[in-house]
Amino acid sequence: MSVRVRMAPSPTGFLHIGGVRTFLFNWLFARQQGGEILLRIENTDTSREVEEATEQIQRSLRWLGVDWDGPVRFQLDTAERAVELAHELLAKGYAYEDDGAIRFRQPTDGVVSWTDAVRGHIEFRNDVLKDPVIVRSNGRPLYNFASPVDDILDGITHVIRGEDHVSNTPTQINILQALDAELPVYAHVPNINGENGRKLSKRRDAVALDDFVDAGYIPPALMNFLALLGWSYDDKTTIMSPSELVERFSLDRVVPSPATFDYKKLDWMNGVYLRELDEDEYAHSLETWLREHDIDWPVDRVRATVPLVHEKIEKLSQYPDFVRFLFEDVQPPDGVDGRIVEAAADRLAALDSWNAASIEQALRMLVDELGEKPRTAFQPIRLAVTGAKVSPGLFESLELLGRQAALERLRAA
RNA sequence: GGCCCAUUCGUCUAGUGGCCUAGGACACCGCCCUCUCACGGCGGCGGCACGGGUUCGAAUCCCGUAUGGGCCUCCA
């Protein structure tokens with residue numbers, strides 16, 4: 001039997017990073033198995049629906065590189081069928097009316113159990129389960145009913161979802177059994193916590209996928225990082241491309257315990273992926289990011305900076321501050337060693353050709369003649385030219401800045 | 001409160017009874033490279049929550065305790 005899974009967000013807001021990770025596991029599993037993956041919007045509670053959410057969820061998934069098969073499904077579309085099934089349960093005595101709503105009647109003795117693909121055997125005593133409302137008095141089905149019903153209708157073979165659904169599972173299994181339906185395989189993946197091991201909080205942590213896009217992370221890096229939150233391939237492999245992840249993913253290597261989101265590790269990993277990009281890809285990522293942040297620096301000049309920043313930054317958001325001196329005027333700090341800067345200006349003014357190699361040669365010669373150490377002598381020049389203590393390589397920066405601007409800055413300092 | 005789940009370096013994890021004097025990665029610290037910052041190289045610090053069992057032998061199995069989390073909505 002071929003595998004079919006689903007991603008089932010509720011359209012109540014932006015996509016949460018924990019939800020993204022759960023969807024990623026669904027996607028990796030489906031693609032690994034050569035199966036199908038559906039996107040099903042669980043919108044039976046229209047009162048909580050947020051207008052933009054459905055669009056935004058799709059955009060976020062696409063950005064990450066997670067796709068799905070067939071058109072987007074909406075839970076409301078099958079509401080009628082769900083209500084029919086509820087009436088069948090009513091007729092068979094598996095449900096009863098209560099104040100205009102329909103409640104499912106749980107078995108009163110015995111246990112419900114299943115073998116969770118990530119957590120092993122789990123069982124609940126039936127007598128602790130409450131009779132859930134499955135159809136509201138307004139005639140609309142509720143999650144605990146609509147969701148398993150849709151899973152039947154969609155032919156879902158594996159339900160891969162967050163661990164917060166563990167305690168809904170016995171109820172859903174009882175419903176499925178009353179409906180005489182086959183049970184899917186359940187896999188409950190662990191939660192993701194924030195910095196202090198507590199729940200991710202909107203206030204403290206970056207939680208919306210858009211926050212990560214804004215910060216300048218790139219899709220394969222975030223995917224790699226997220227995949228490693230609760231899953232591993234072996235004892236040493238860390239960096240894996242999307243296709244490697246698809247090839248290697250398996251549910252039995254998902255761990256049952258919750259993970260804490262380590263932003264520093266993500267930063268490092270993003271740097272790894274950024275450095276792996278070739279110049280064109282890098283320039284393209286940069287241009288896209290700049291455009292989305294309303295920075296309209298000339299693209300050919302942005303391209304020219306790529307070799308200077310490629311190895312230096314780990315997030316795209318670090319780019320503007322790092323190279324701002326190439327696009328805007330700078331204000332060098334007070335106290336720059338005028339002797340060295342002036343001498344440098346004289347030497348550079350006399351240069352025949354303006355390129356990094358000749359600039360380096362001239363400046364090193366000067367430093368040598370002055371009896372200075374490169375370390376101490378180049379810093380005032382850097383300050384004068386870039387206005388900052390930290391910058392891309394000095395000689396390359398001077399070349400790109402151009403002779404005229406470089407000399408002006410040196411003389412002004 | 002009831003039920004359920006989880007617990008290996010600060011963090012993500014490897015580990016399924018002997019290969020473990022517990023391995024890798026991030027972070028941190030030190031050294032090297034070096035025009036700053038990065039990158040890269042080398043080295044270091046650091047952990048099986050606790051208590052009982054079972055066993056010749058336990059991070060691994062069992063029980064209890066503690067801690068954290070989830071659910072207990074006519075939310076999903």
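To find a chain, count down the sequence lines: A is the first, B the second, and so on, and within it residues start at 1.
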At under 4.0 Å between heavy atoms, what does [X] touch on the DNA or RNA strands: base, sugar-phosphate, or nothing?
X: Pro9(A); result: nothing
X: Asn168(A); result: base
X: Phe225(A); result: nothing
X: His188(A); result: nothing

Keeping the roles fixed (side chain from Glu399(A), backbone from Trp354(A)), state whether a donor-acceptor pair exists under 3.5 Å. no
[M] and [N], which share atom name [atom1], separated by this distance in whole Å:
N: C9(B); M: G23(B); atom1: P; answer: 14 Å
N: C39(B); M: C50(B); atom1: C1'; answer: 44 Å
N: C62(B); M: U55(B); atom1: P; answer: 16 Å
N: C75(B); M: C63(B); atom1: P; answer: 38 Å
N: C56(B); M: G69(B); atom1: C1'; answer: 39 Å
N: G30(B); M: C72(B); atom1: P; answer: 50 Å
N: C3(B); M: G10(B); atom1: P; answer: 33 Å
N: U73(B); M: G68(B); atom1: C1'; answer: 24 Å

Once you apply the 3.5 Å cut-off to both distances, tell me the Watson-Crick or G-U wobble partner of [N], or none.
N: C33(B); answer: none
N: A14(B); answer: none
N: C3(B); answer: G70(B)
N: A38(B); answer: none
N: A22(B); answer: none
N: A58(B); answer: none

Taking only residues two or more places apart in sequence, or in another chain, which ones meet [X] in a side chain to side chain donor-acceptor pair (under 3.5 Å)?
X: Glu42(A); value: Arg40(A), Gln75(A)
X: Glu408(A); value: Gln404(A)
X: Arg248(A); value: none

Do Ser391(A) and C37(B) have a side chain to base donor-acceptor pair shorter than 3.5 Å? no
Give a yes or no on whether Asn355(A) atom CG has more than 12 heavy-atom contacts from other residues, nucleotides or ligands under 6.0 Å away. yes
Heavy atoms of other groups near Glu52(A) CD, more than 12 under 6.0 Å: no
Assess the side chains of [X] and [Y]: does a donor N or O sit below 3.5 Å from an acceptor N or O?
X: Asp214(A); Y: His293(A); value: yes
X: Asn144(A); Y: Thr171(A); value: no
X: His310(A); Y: Arg275(A); value: no
X: Asn168(A); Y: Tyr143(A); value: no

Can you tell which of Trp63(A), Phe225(A), Phe261(A) makes a ring-ring contact (aromatic ring centres under 6.0 Å, His included) with Phe212(A)? Phe261(A)
Any residue in [range] with a heavy atom nearer than 4.0 angstrom to RNA chain B? Just list them by number, or reply none.
range: residues 36-62 of chain A; value: Glu42(A), Thr44(A), Asp45(A), Arg48(A)
range: residues 93-113 of chain A; value: Asp98(A), Asp99(A), Ala101(A), Arg103(A)
range: residues 355-384 of chain A; value: Arg364(A), Pro374(A), Arg375(A), Phe378(A), Gln379(A), Arg382(A)
range: residues 209-223 of chain A; value: none

How close do Ile173(A) and Ser113(A) get, counting heavy atoms only, and between which atoms? CD1-O, 4.3 Å
Any idea which of C3(B), G23(B), U73(B) is nearest the Val128(A) side chain? C3(B)
Side chain of Asp164(A): nearest nucleotide among C74(B), C35(B), G70(B)? G70(B)
Measuring from Tyr217(A):OH to Lys315(A):NZ, what's the distance to the nearest 0.5 Å? 4.0 Å
Between the CD1 atom in Ile17(A) and the CG atom in Asp210(A), the distance rounded to the nearest 0.5 Å is 10.0 Å
Trace of the side-chain hydrogen bond (donor to acceptor under 3.5 Å, both in side chains) decision for Asn126(A) with Asn174(A): CA-CA 9 Å; Asn126(A) 278 319; Asn174(A) 281 338; 3.1 Å; yes
Base versus backbone protein contacts along nucleotides 61-67 of chain B [heavy-atom cut-off under 4.0 Å; B, S, -]: -------
Reckon Lys389(A) has a side-chain N or O less than 4.0 Å from the OP1 or OP2 of C35(B)? no
Is any side-chain nitrogen or oxygen of Arg119(A) closer than 4.0 Å to OP1 or OP2 of G69(B)? no
Tabulate atom names and distances for all N/O pairs under 3.5 angstrom spanning the protein and nucleotides 38-41 of chain B.
from, atom 1, to, atom 2, distance (Å)
A38(B), O2', Glu311(A), O, 2.9
A38(B), O2', Lys312(A), O, 3.3
C39(B), O2', Glu311(A), OE1, 3.3

So, is the end of the Arg375(A) side chain (NZ or CZ) under 6.0 Å from the ring centre of Phe378(A) and within 45° of the ring's axis? no
Pairs involving residues 218-234 of chain A, ordered by first then second residue, that meet side-chain hydrogen bond (donor to acceptor under 3.5 Å, both in side chains) (sequence neighbours left out): Asn224(A)-Tyr273(A), Ser232(A)-Arg253(A), Asp234(A)-Thr237(A)
With a 4.0 Å cut-off, would you call Lys264(A) and Asp267(A) a salt bridge? no
Mind checking whether Leu316(A) and Ser285(A) have side chains closer than 4.5 Å, heavy atoms only? yes
Sequence-distant partners of Leu370(A), side-chain contact (heavy atoms from CB on, under 4.5 Å), two or more places apart: Arg339(A), Ile340(A), Leu366(A), Glu372(A)
In Glu342(A), Glu369(A), Gln361(A), the residue satisfying side chain to side chain donor-acceptor pair (under 3.5 Å) with Arg347(A) is Glu369(A)
Figure out the CG/P separation between Asn191(A) and U7(B), and round it to whole Å. 14 Å
Expected rows: protein N/O vs nucleotides 9-13 of chain B N/O, under 3.5 Å:
from, atom 1, to, atom 2, distance (Å)
C12(B), OP1, Thr260(A), N, 2.9
C12(B), OP1, Thr260(A), OG1, 3.4
C12(B), O2', Leu228(A), O, 2.8
C12(B), O2, Lys265(A), NZ, 3.4
U13(B), OP1, Gly230(A), N, 2.5
U13(B), O3', Ser232(A), OG, 3.4

